[in-house]
Amino acid sequence: MRDAPPSAPPIALLAELTHRCPLACPYCSNPLDLLAREAELDTDAWARIFDQAAALGVLQVHLSGGEPASRRDLEALVAAARRAGLYVNLITSGIGLTEARLDALEAAGVDHVQLSLQGVTAAMADRIGGYKGGYDRKLAIARSITARGLPLTLNAVMHRENIGDLRQAIDFAADLGARRIEVACVQFYGWALKNRSALQPTRAQVDEAKRVVEAARPQYHGRMVLDFVPPDYYADYPKACMGGWGSTGLNIAPDGTVLPCHAAATLPGLVFPKATEVPLADIWYRSAAFDAYRGEDWMQEPCRSCDRRHIDHGGCRCQALALAGDARAADPVCRHSAHRGVVDRLLADVPVGDSPAFAYRR
Ligand code: FES
């Protein structure tokens, strides 16, 4: 624990309510070691966390998973978060939701729904999700969400299998009445990292995707927001992961472990406290884990003297560990990183023909 607190409280809390999920998407960022139902916090424990988060300054909670609808108490959790004064965003595949549950979620005060889209055809969506019939159920729920006037964001994770359908995905979101589509090129954590060679798009696919997004923007201007998260391996500079470690948001795993990001548990040498054992404010302001990569003191060269260190904060610690074997290294995506060759070699090895088989999340 340290003495001097960081200047700002967190804005957002990602609450991973469960790792259970009826889908088995190979791009999932959940850890390979999924937590069992028995390890999950109960309703009251989450309600206490929401109260603490609001007192700490958190404004919005993202209820995520796994599939949050796998929890029978989802409606009670939404109500608890709203009672705490939080803006509630439900991140869901839609599987497990029904008209009756949507009624209850509306009554509980859910503010926004973010629905995942695995593909724009039943064949593609059900194959990526590993769940037959999932597409039709998702479509029905999406229509019901917009018919109720609930704000809907469609979250389309794009990869080499479905990125060719990007234009259809954008039009699909608009036809559904979504207010926003987030086109997120797959990021390699958890199950996605395990499936990297099957999911990594080619450079030609990425260039075409950028062209498609730019062409669609004017058409949907003022009607639907179009966010594009480019694939960072093809970038010259890394993303500012989490807006900087321990600076704007925190994640809580199903068992109450509090993490600065969804993959932080992969980092060696850090002890992450549980929200059921340590007050959230102490974890945020005084834990060694949240302090580990805050600011710039931890940086090595080339980050330490780089002009971009205030922009990208050295990139992603978890990616530095995964690709360079050193969480303190510059994110190897960076052109100035001594490990950029690792990324370039991975991109040179992207298959151009058939993809390797998926390792489905189970
Ligand atoms: Fe952990 Fe980027 S995912 S710092």
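Indexing begins at 1, ligand by ligand and atom by atom, following the structure's order. Treat the numbers as computed from the prediction; the structure is a model and nothing was measured.
For the pair Arg160 (side chain) and Pro351 (backbone), a donor-acceptor distance under 3.5 Å is present.
Here Tyr131 pairs with Arg137 under the side chain to side chain donor-acceptor pair (under 3.5 Å) rule; sequence neighbours left out. For Arg71, the side chain to side chain donor-acceptor pair (under 3.5 Å) partners at least two apart in sequence or on another chain are Asp73.
As a member of the Ile/Leu/Val/Met/Phe/Trp/Tyr network built from side-chain separations under 4.5 Å, Tyr293 groups with Trp245, Leu259, Leu267, Leu270, Phe272, Trp298, Met299, Leu321.
Between Phe358 and His159, the angle of the ring planes goes over 60°, which puts this pair in the perpendicular group of the 30/60° scheme.
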Stepwise salt bridge (charged side-chain N to carboxylate O under 4.0 Å, His left out) check, Asp126 with Lys132:
CA-CA 5 Å; Asp126 293 357; Lys132 198 162 168 36; 5.8 Å; no

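With waters neither drawn nor counted, the protein N/O/S atoms under 2.8 Å from atom 2 (Fe) of ligand 1 amount to 2.
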